Amino acid sequence: MMNALGIALFALVILISVSLHEAGHMGTAKAFGMKVTRYFVGFGPTLWSFRRGETEYGIKGIPLGGFVKIVGMTPQDEDADDPKAMWRFPVWKRSIVMSAGSIVHFILAAVAIWGLAVFSGLPNPDLPSKEPSAGQPAVLKVQPCVVTALPLRACEAKDPASPASQAGLRDGDKLIAVNGTAVANWGEAIQQIRPLGVGQAATMTVLRDGAQQTLQVTPAAVEREMSDGSVQKVAAIGVGLDATIPYLVKYGPGEAVGASAQYAGTMVGATFEALKEFPKRIPALFSAIGGEKRDPNTPISVVGISLLGGEAVNEGAWSMFVGLFIAFNLFIGIFNLLPLLPLDGGHLFIAWFERIRSWVYARLHKPDPGRVDYFKLMPLTYTVILIFGAFTLLTVTADLVNPISIYK
């Protein structure tokens, strides 16, 4: 039940975000004096509407987004002769209107990041971003047992005692060398422990109460899942990380602004990386539909991210829920600015292309070539729509057949 409620809640959050996106277009267009005739949440048959001034507001029956109708976005529109048509306004005003939707997404993400910084905490900037625990000092937390077979779980009576506890390692010991090779942090410790020979004694040098001690530890064989999804036997001694550096850091309302900006920059970079990797991930989506283990780095649709939101609510992981909300808004905000029709970024690109071209022709004392003919761009626009539609269908299918899961 909680999972279903979580899915519905995240879907509602997406609907609100998209509706606010369209409200951003509408609000800026009205502020500049452009004519806005319709603003609706949803698509399909109208359930309810009212008119205020020249604009009709309402709700439609299919809650999969929203739209706003600004008169005369291009000179070729049927209502382009209206004196309040959008295309007649200066390019800087049109640019603000067209980018307002993405700006709304960025504002939503910024507010959510600030909220996390104050109430839950953001990842510690002093830790490596890709694997936060790797850079921490290898201060050990000794486990009472080793779980030799997947899935990982808490210790049970049938599990063998951990090699670390048998060898006399203690909580708080700082591992500084393995078989004489110095280790500076937890990441290097793992790199030295995993290749050890199972059943062959290894020398562990630790710092305890300010003094070095050397102990002999005989690793056990355990099953672990590798980064490629395969399961292999590796050496383990039954220790975890006693984190001396917190993974999350909370901030006061004022200092959270700077920390949020830094974190937002990291996430924006990650979003661009994800966009760049999209073409490489498409074969993995087909493989996932065919039944292979789903690569968690493959693209997901609004269906997939809603399922993840449902999982987060089911587990009580509200910080994860907010994190998904942030990722969604940053991605949509950036994606929508790509210079492709029918995206807002495509209209922005054409508007500035026209402006720059007119400037160049004026400097060359040539007649202004005028506006771009959108009708000539329709084949390209339809191609982009077809590609986006096919990609959406592919990701939705993968998310339904073989969804990405956080906790399974």
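Source: prediction; values computed, not measured. Heavy atoms only: backbone and side chains are in, while hydrogens, waters and symmetry mates are out.
The shortest heavy-atom contact between S358 and D368 is OG-OD1, 3.1 Å. In plain terms, the two heavy atoms of V18 and G66 that are nearest each other are CG1-N, 4.0 Å. Contact detail for N402 and G291: the closest heavy-atom pair is ND2-C, 4.4 Å. T395 approaches S301 most closely through the heavy-atom pair OG1-CB, 3.5 Å. Closest approach of T28 and G24 over heavy atoms only: OG1-O, 2.8 Å. For P163 against A220, the heavy-atom pair with the smallest separation is CG-N, 3.8 Å.
Side-chain contact between L9 and F321 is present, with at least one heavy-atom pair separated by less than 4.5 Å. Taking 4.5 Å as the limit, every side-chain heavy atom of Y251 sits out of range of all side-chain heavy atoms of S260. You'll find the side chain of M204 reaches within 4.5 Å of the side chain of L175, heavy atoms only. Considering only heavy atoms from C-beta on, W87 stays 4.5 Å or farther from T74 through its side chain. By the 4.5 Å heavy-atom criterion applied to side chains, N179 and L196 are counted as neighbours. Using a 4.5 Å cut-off on side-chain heavy atoms (C-beta onward), D173 and L207 make no contact. Taking 4.5 Å as the limit, every side-chain heavy atom of Q232 sits out of range of all side-chain heavy atoms of E223. Under the 4.5 Å side-chain criterion, counting only non-hydrogen atoms from C-beta, D295 is in contact with R281.
For E56, the side-chain contact (heavy atoms from CB on, under 4.5 Å) criterion is met by R38, F40, S49, R51, not counting sequence neighbours. A search for side-chain contact (heavy atoms from CB on, under 4.5 Å) contacts involving R355 returns V91, W352, W359, not counting sequence neighbours.
For CZ of R363, the number of neighbouring non-hydrogen atoms (other residues, nucleotides, ligands) closer than 6.0 Å is greater than 12. No more than 12 heavy atoms of other residues, nucleotides or ligands sit less than 6.0 Å from atom OH of Y382. For F388, the CZ atom counts as densely surrounded, since its 6.0 Å shell holds more than 12 non-hydrogen atoms of other residues, nucleotides or ligands. More than 12 non-hydrogen atoms from other residues, nucleotides or ligands lie less than 6.0 angstrom from NZ of K30. Dense packing is recorded around CD of E156, with more than 12 heavy atoms of other residues, nucleotides or ligands lying under 6.0 Å away.
A donor-acceptor pair under 3.5 Å is absent between the side-chain atoms of Q143 and the main chain of V239, judged by distance alone. Listed for the N336 side chain is no donor-acceptor partner under 3.5 Å among the backbone atoms of I332. In this structure a side-chain-to-backbone donor-acceptor pair under 3.5 Å is missing from E315 to A312. Here the side chain of T181 pairs no donor or acceptor atom with the backbone of A177 at under 3.5 angstrom. Counting only distance, with no hydrogens or angles, the side chain of D171 and the backbone of V142 share a donor-acceptor pair below 3.5 Å. R94 places a side-chain N or O within 3.5 Å of a backbone atom of F89 that can act as its donor or acceptor partner. Under a 3.5 Å cut-off, the side chain of S102 and the backbone N or O of S99 do not form any donor-acceptor pair.
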Would L275 and I334 count as a side-chain contact (heavy atoms from CB on, under 4.5 Å) if you check the C-alpha gap in whole Å, the side-chain angles of each, and the deciding distance to 0.1 Å?
CA-CA 9 Å; L275 284 169; I334 292 172; 3.8 Å; yes
Please step through side-chain contact (heavy atoms from CB on, under 4.5 Å) for the pair I282 and L394, ending with a clear verdict.
CA-CA 9 Å; I282 291 176; L394 178 63; 3.9 Å; yes
Assess the residue pair I113 and L122 against the criterion (side-chain contact (heavy atoms from CB on, under 4.5 Å)); give the C-alpha distance rounded to whole Å, side-chain angles, the decisive distance to 0.1 Å, and a yes or no.
CA-CA 8 Å; I113 293 172; L122 297 176; 4.2 Å; yes
Applying side chain to side chain donor-acceptor pair (under 3.5 Å) to Q212 and T205, what does each step give before you reach the verdict?
CA-CA 7 Å; Q212 288 189 16; T205 305; 5.7 Å; no
Would you sort out whether V36 and V71 count as a side-chain contact (heavy atoms from CB on, under 4.5 Å), showing the intermediate values?
CA-CA 6 Å; V36 180; V71 168; over 6 Å; no
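In summary, the side chains of Q200 and T218 do not present any donor paired with an acceptor at a separation below 3.5 Å, with no hydrogens or angles considered. A donor-acceptor pair shorter than 3.5 Å can be found between the side chains of S405 and E311. Looking only at atom types and distance, the side chain of K60 has a donor-acceptor partner in the side chain of T46 under 3.5 Å away. Side-chain polar atoms of S162 and S165 form a donor-acceptor pair below 3.5 angstrom.
Checking each of I385, L380, I350 against L341 for a side-chain contact (heavy atoms from CB on, under 4.5 Å) leaves exactly one that passes, namely I350.
Relative ring orientation between Y57 and F50 is described as parallel, the plane-to-plane angle staying below 30° on a 0-90° scale split at 30° and 60°. Note on ring orientation: taking the six-membered ring where Trp is involved, the planes of H21 and H25 are perpendicular (angle over 60°, cut-offs 30° and 60°).
Note: F325 and F10 fail the aromatic proximity criterion, with ring centroids not under 6.0 Å apart. Taking the six-membered ring for Trp and the full ring otherwise, F32 and W92 have centroids separated by under 6.0 Å. When ring centroids are compared, F335 and F278 stay outside the 6.0 Å threshold.
For the atom pair I62 CD1 and F43 CZ, the distance stands at 9.0 Å (nearest 0.5 Å). Once rounded to the nearest 0.5 Å, the distance linking CD of Q76 with CE of M378 reads 10.5 Å. Taking CE of M34 as the reference point, atom CZ of R88 lies at 12.5 Å (rounded to 0.5 Å). With rounding to the nearest 0.5 angstrom, the OG atom of S319 is 5.5 Å from the CG atom of L116. Note that CZ of F328 and CG of L324 are 11.0 Å apart. Values are rounded to the nearest 0.5 Å. Annotation: the span from K158 atom NZ to T148 atom OG1 amounts to 9.0 Å, rounded to 0.5 Å.
Taking 4.0 Å as the cut-off between side-chain N and carboxylate O, D399 and R294 count as a salt-bridged pair. Electrostatic pairing of E354 and R357 does not count as a salt bridge here, judged by no charged N lying under 4.0 Å from a carboxylate O. A salt bridge does not link D79 to K84: none of the charged nitrogens lies less than 4.0 Å from a carboxylate oxygen.
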